[in-house]
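We count ligands from 1, going down the list as the structure has it; atoms in each ligand are counted the same way.
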Amino acid sequence: MTKTLLLLPGDGIGPEVTEQSRRIAQAIADGGAIDLRIDSGDFGGMAFDRHGTPLPDDVLVRALAADAVLMGAVGGPQWKGCGYDVRPEAGLLRLRAGMNAYANLRPAYCFAPLASASTLKSEHVAGLDVLFVRELTGGVYFGAPRGIEALDDGQRRGINTHVYTSAEIRRVAEIAFQIARTRRNQVCSVEKGNVMEAGLLWREEVSALHAEKYADVELSHMLADNCAMQLVKNPRQFDVILTDNLFGDILSDTAAMLTGSIGMLPSAAIGDPGAPGLYEPIHGSAPDIAGRGVANPCASILSLAMAFRHSLGAPAIADRIDAAVASALDAGVRTADLGGDATTAGMGDAVLAALALPVADRVEA
Ligand code: IPM
Ligand code: MG
């Protein structure tokens, strides 16, 4: 059966890095390992410029009809003046919500040859393998009321609402517990239940679900501020970190630096079984280096691997891609973020070569 991969390259370095994933996916499909159709669509600021919206309706329809969606990056300084509802970031939030991709898996994995590239001492990060399970379609990112209102005394008031239901907490916690069973079997649930009722509810629901169905998994709880500290003090104490949308956003960026570069971190956003997954590198659009062909495509390529694993039914291909990235790094190929001089396309070439696939149709940005 033909599987469909929809590419949404977006803005900034998004198109450059996604192009390397496209080459790899195409070469794998050409090799006959999978029957794959690769499509692409407009998304983010470039879609706003072309269509007046960062997420055109037909793109959401195509995303829902695909098996997996691989996004590049969205946003840039040219759209900072746009209203919140049409900003590129709003398109991303609508895509996540529209696809009901509520569980964001963000592995922070330190490839052995990159341990010395971290700003932390290598003895703290060598062998690091943490998985964030970030709630992605709720919390303060989506809660109502929200907005900026004028007060009678001439001041203004900004409002966002941090809100979670028990069902929203439980469905993402289920995924964290299930994945933990395939890893080191530990979940650390992170919130601020000492000051936030929604955090207290989070802790209670995770504990209740654990007692009901996942008592074999080792569960601990940690306050988010302490987690931030522990991540830079002793990051290898963690296996799976389960947390809400906002804390997950912040803490996963912290963890990214432990791995050497944010240019290395992939992510998968999944929902109910059978629904298409949304795959994205966790780095942003990096407008400062966009269009120069120097961005690290590894986060996109590793996101593609996650798509093969979680949505395209091809875990063996995912393993091959992961191994090819590791072997390109072992061979010393590095983009500038890791202190090397490989171009974006050069890194793509190295991964294709490690996959023993033809290195063709190369375009320098
Ligand atoms: C991320 C990004 C997004 C987020 C932005 C671009 C909306 O920072 O995926 O981590 O905050 O979720
Ligand atoms: Mg972020």
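With Asp249, Ile262, Ile282 as candidates, the residue nearest to atom 8 (O) of ligand 1 on a non-hydrogen basis is Asp249. Closest to atom 9 (O) of ligand 1 by heavy atom, among Met71, Arg87, Arg96, is Arg96.
Note on the Mg ion (ligand 2): protein N, O or S atoms under 2.8 Å away count 1, no waters included.
For Asp57, there are no salt bridge (Lys or Arg N to Asp or Glu O under 4.0 Å) partners, not counting sequence neighbours. Glu123 meets the salt bridge (Lys or Arg N to Asp or Glu O under 4.0 Å) test with no other residue; sequence neighbours excluded.
In terms of protein heavy-atom proximity, atom 4 (C) of ligand 1 is nearest to Tyr141 OH, 3.4 Å.
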Residues 138-146 side chain polar contacts: donor-acceptor under 3.5 Å, at least two apart:
unit_1: Tyr141; atom_1: OH; unit_2: Arg134; atom_2: NH2; d: 3.2
unit_1: Tyr141; atom_1: OH; unit_2: Asp249; atom_2: OD2; d: 3.1
unit_1: Arg146; atom_1: NH1; unit_2: Tyr141; atom_2: O; d: 2.8

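Atom CD in Glu280 sits 8.0 Å away from atom CG in Leu95 (nearest 0.5 Å). Within the model, atoms OG of Ser166 and CD of Glu205 stand 4.5 Å from one another, a figure rounded to the nearest 0.5 Å. For the atom pair CG of Asn296 and CG of Leu302, the computed distance is 9.0 Å after rounding to the nearest 0.5 Å.
Remark: Arg171 is positioned above the aromatic ring of Tyr102, its terminal NZ or CZ atom under 6.0 angstrom from the ring centre and at most 45 degrees off the axis.
Arg23 has a carboxylate O that lies under 4.0 Å from a charged side-chain N of Asp349, or vice versa, which qualifies the two as a salt bridge.
Counting atoms of ligand 1 from 1 in the listed order, those under 4.0 Å from a heavy atom of Arg134 are 1 (C), 4 (C), 9 (O), 10 (O), 11 (O), 12 (O). Distances below 4.0 Å separate heavy atoms of Arg106 from the following atoms of ligand 1: 1 (C), 9 (O), 10 (O).
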